[in-house]
Asks: 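Mind having a look at this structure? Questions to follow.
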Amino acid sequence: MVNRELRAKEGVPGKYEILPREFFFKDTMTVAKELLGKYLIKKEKNYYISGRIVETEAYLGDNDPACHAYRSITPRNSVMFEDGGKIYVYFIYGNYYCFNIVTERKGSGSAVLIRAVEPYSGLNYMKKRRPEVRSVYDLTNGPAKFCLAFGIDRRYNGMKLNNGNFFIVKNPSAERINIVITRRIGLKEGADYPYRFFIKNNPFVSNHRLNKEIISEIIV
DNA sequence: CGGGAGATGGGCT
DNA sequence: GCCCATCTCCCGA
């Protein structure tokens with residue numbers, strides 16, 4: 001499955017292969033790891049912007065006290081209980097949005113948070129949305145920074161991926177990714193679980209002391 | 001550079 | 001009324 005329109009406009013190396021919906025039906029930890037290195041593309045009015053996913057966190061439904069879906073279904077978290085492959089956007093700290101991808105099958109309440117991407121195309125549009133940012137490394141190195149740069153807000157909550165606005169594609173050339181695993185960031189309950197994943201030595205990962213508190217490393 | 005305070009408003013008890 | 005999956009700025013070293 002190759003989208004020639006995207007391929008022509010984005011020029012990501014190799015062929016553009018859109019991830020099938022089944023990719024997101026797998027268990028959340030697997031999806032969180034396998035999303036690293038994939039390209040997230042957003043269609044704007046007359047152009048596309050894109051970035052390579054470099055940092056994720058897993059949130060595991062009713063087994064995970066840090067997960068928004070831990071207690072019960074509410075108006076805010078209802079999208080998390082739908083089938084994998086939908087977009088869950090929530091509003092946080094009075095100012096910011098975070099972008100998640102729902103995982104597993106209907107009812108699981110699980111998702112993967114996109115914590116950082118490496119800008120790939122549309123850098124000028126990202127800078128225009130974040131004029132105060134000086135370094136390209138600070139454009140998208142955090143879950144809300146990424147949403148600011150990509151213009152993500154509550155309008156996208158509940159949308160399907162690969163359905164017009166957002167696409168996630170892989171580069172079919174077999175790329176090995178060195179993954180570092182740490183605790184998740186910004187939590188009280190559930191903070192000790194090793195559910196944060198990022199690409200080793202990538203300069204677009206969010207800055208945090210936990211980057212040095214490495215629990216394990218794997219190659220996928 | 002690393003750490004901490006403040007901003008800010010929706011969600012839920 | 002308290003909590004919050006954050007960001008930015010400002011401080012001191």
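So that the names make sense, note that chain A is the first sequence line, chain B the second, and so on, each numbered from 1. Keep in mind that what you see is a predicted model, and the values were worked out from it rather than measured.
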Asks: Go nucleotide by nucleotide along DNA chain C from the 5' end; which of Leu148(A) and Ala66(A) gets its closest nucleotide reached first?
Replies: Ala66(A)
Asks: When we call it a touch if two heavy atoms are under 4.0 Å apart, what does Arg196(A) touch: a base, just sugar-phosphate, or nothing?
Replies: nothing
Asks: Does the ring center of Tyr137(A) lie less than 6.0 Å from the ring center of Phe204(A)?
Replies: yes
Asks: For Phe91(A), which contact category applies under a 4.0 Å heavy-atom criterion: base, sugar-phosphate, or nothing?
Replies: sugar-phosphate
Asks: Which is true for Arg184(A) with a 4.0 Å heavy-atom rule: it touches a base, it touches only sugar-phosphate, or it touches nothing?
Replies: nothing
Asks: Of the nucleotides dA5(C), dG2(B), dT6(C), which has the atom closest to the Tyr96(A) side chain?
Replies: dT6(C)
Asks: Checking Arg21(A) side chain against Lys160(A) main chain: does a donor-acceptor pair fall under 3.5 Å?
Replies: no
Asks: Which nucleotide, if any, forms a Watson-Crick or G-U wobble pair with dT8(B), using both distances under 3.5 Å?
Replies: none
Asks: Does Arg115(A) reach a base, just sugar-phosphate, or nothing at all? Heavy atoms under 4.0 Å.
Replies: sugar-phosphate
Asks: Of the options dT8(C), dA5(C), dT8(B), whose atoms approach the side-chain atoms of Glu132(A) most closely?
Replies: dT8(C)
Asks: Hey, does Ala144(A) reach any base, or is it just sugar-phosphate, or nothing, if we go heavy atoms under 4.0 Å?
Replies: sugar-phosphate
Asks: Can you check whether Tyr93(A) stacks with the dT6(C) base, using ring centres under 5.5 Å and planes within 30°?
Replies: yes
Asks: Any donor and acceptor pair, going by atom type alone, linking the side chain of Glu104(A) with main-chain N or O of Ser110(A) inside 3.5 Å?
Replies: no
Asks: With ring centroids as reference points, do Tyr156(A) and Tyr97(A) lie under 6.0 angstrom apart?
Replies: no
Asks: Counting side-chain heavy atoms from C-beta on, which of dT8(C), dT8(B), dT6(C) comes nearest to Ile185(A)?
Replies: dT6(C)
